[in-house]
Amino acid sequence: MTTAFVVNSGSSSLKWELVDVESGEKLRGALVERVTDHTAAMAGVLEELGGEHPAVIGHRVVHGGSRFTRATLVTDEVEAAIDELSALAPLHNPANLAGIRAARAAFPGVPNVAVFDTAFHQTLAPEAYTYAIDAAVARENGIRRYGFHGTSYQYVSRAAGELLGDPAAKLIVFHLGNGASVAAVDGGRSVETSMGMTPLEGLVMGTRSGDLDPGILFHLGRSGVTLEALDGLLNRRSGLLGLAGTNDMRDVQAAAASGSADARLALDVYHHRLRHYLGAYLALLGGADAIVFTAGVGENSSATRAAVVAGMEAFGIVIDERLNDAPSKDARVVSSPSSRVAVLVVPTDEELEIARQAAALL
Ligand code: AMP
């Protein structure tokens with residue numbers, strides 16, 4: 001049995017899982033909250049594991065910039081590069097790095113692998129990742145689109161390819177969780193995705209606005225709103241929360257059903273944005289073989305899936321209401337047999353993907 005220890009180290013939390021790589025079984029795991037000292041937290045985990053040593057440790061790292069195109073064995077030099085990339089992800093990379101350092105100290109001799117959220121999207125072409133701003137300013141500041149949720153897209157696209165019996169399939173994958181994005185995947189390669197230089201661009205999310213006119217920032221800035229307040233507004237008080245007063249999709253749906261106009265509008269805006277991207281990605285891919293839904297909302301909300309593809313028969317997309325409404329935890333087809341484009345639900349498993357990618361480097 002090859003076991004991988006998977007670490008998702010946040011600024012104040014440490015989520016870990018011990019995974020049997022061959023079977024995919026999760027052997028143990030926990031979420032340690034209110035972490036102030038990652039080294040002490042990791043020592044606690046080591047104690048909990050009771051002398052059991054994993055074959056490899058896989059770390060979720062949010063930003064790999066343009067440098068990391070795949071999972072990478074951690075060396076001192078790789079640590080330094082992740083540290084440098086903190087400029088692009090100031091909230092995430094330092095916390096990820098603290099987890100790496102703590103694990104290297106707690107498990108001497110066990111190889112550590114960094115698995116980057118951005119790596120899967122390094123296949124984007126320049127026309128997809130370039131922002132149309134002063135090229136010198138962009139170059140000097142690392143400003144380009146990177147995309148996120150890459151580990152999830154990698155897992156889900158492979159599983160969707162298996163379900164379709166076609167690893168070369170053209171897919172539009174909606175990762176709809178509290179954070180949300182969509183990717184166009186052609187034969188296992190990402191060709192476009194909705195998140196950009198940061199995870200703020202694109203879809204309407206739980207608390208993030210997604211796309212908006214950057215002129216809004218100048219408008220608010222000139223009226224005295226500080227940079228910090230703008231950051232808080234767009235990252236933490238927008239999206240479903242900003243529109244409907246809650247970031248939990250179940251609560252928004254329940255409020256809309258009992259007549260709340262704000263919640264109804266929030267859902268309409270959420271769906272409108274999803275359909276906008278679906279149309280755009282159908283055009284970019286020259287048609288798709290499947291539309292795939294994953295993460296908390298994508299896996300569990302049949303109403304969201306139905307709203308995204310409603311009225312798209314002209315594009316060969318026909319959902320089967322009965323299949324779509326049938327509860328299941330398995331990867332499955334929810335389109336009608338007459339649908340030219342398959343509609344799939346594929347539960348994501350980022351921890352297993354990190355475990356597999358880390359073990360593959362052994
Ligand atoms: P994630 O970030 O992937 O854990 O997804 C979290 C989101 O999934 C939250 O907004 C939840 O409200 C949403 N979610 C979970 N279960 C359901 C459900 N049955 N119907 C609608 N949304 C759900």
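Values in this document were obtained by computation on a predicted structure and should not be read as measured data. Each ligand, and each atom within it, is numbered from 1 in the order the structure gives. All heavy atoms count here, side chains included; hydrogens, waters and symmetry mates do not.
Residues in residues 154-193 take part in these ring pair (Phe, Tyr, Trp, His ring centres under 6.0 Å) pairs, two or more places apart or across chains: His149-His175, Phe174-Phe293.
Looking only at distances, a side-chain donor or acceptor of Asn300 sits under 3.5 Å from a matching main-chain atom of Gly296.
No chain of hydrophobic side-chain contacts below 4.5 Å, direct or via other Ile, Leu, Val, Met, Phe, Trp or Tyr residues, connects Val343 to Val185.
The salt bridge (Lys or Arg N to Asp or Glu O under 4.0 Å) check on Asp289 picks up nothing, with sequence neighbours excluded. Applying the side chain to side chain donor-acceptor pair (under 3.5 Å) test to Asp76 and every residue at least two apart in sequence or in another chain returns Arg104.
Within 4.0 Å of ligand 1, protein heavy atoms belong to Gly177, Asn178, Asn247, Asp248, Met249, Arg250, Gln253, Ala295, Gly296, Val297, Asn300, Ser301, listed by chain and number.
By the 30° and 60° cut-offs, the orientation of the rings of Phe5 relative to Phe107 is tilted.
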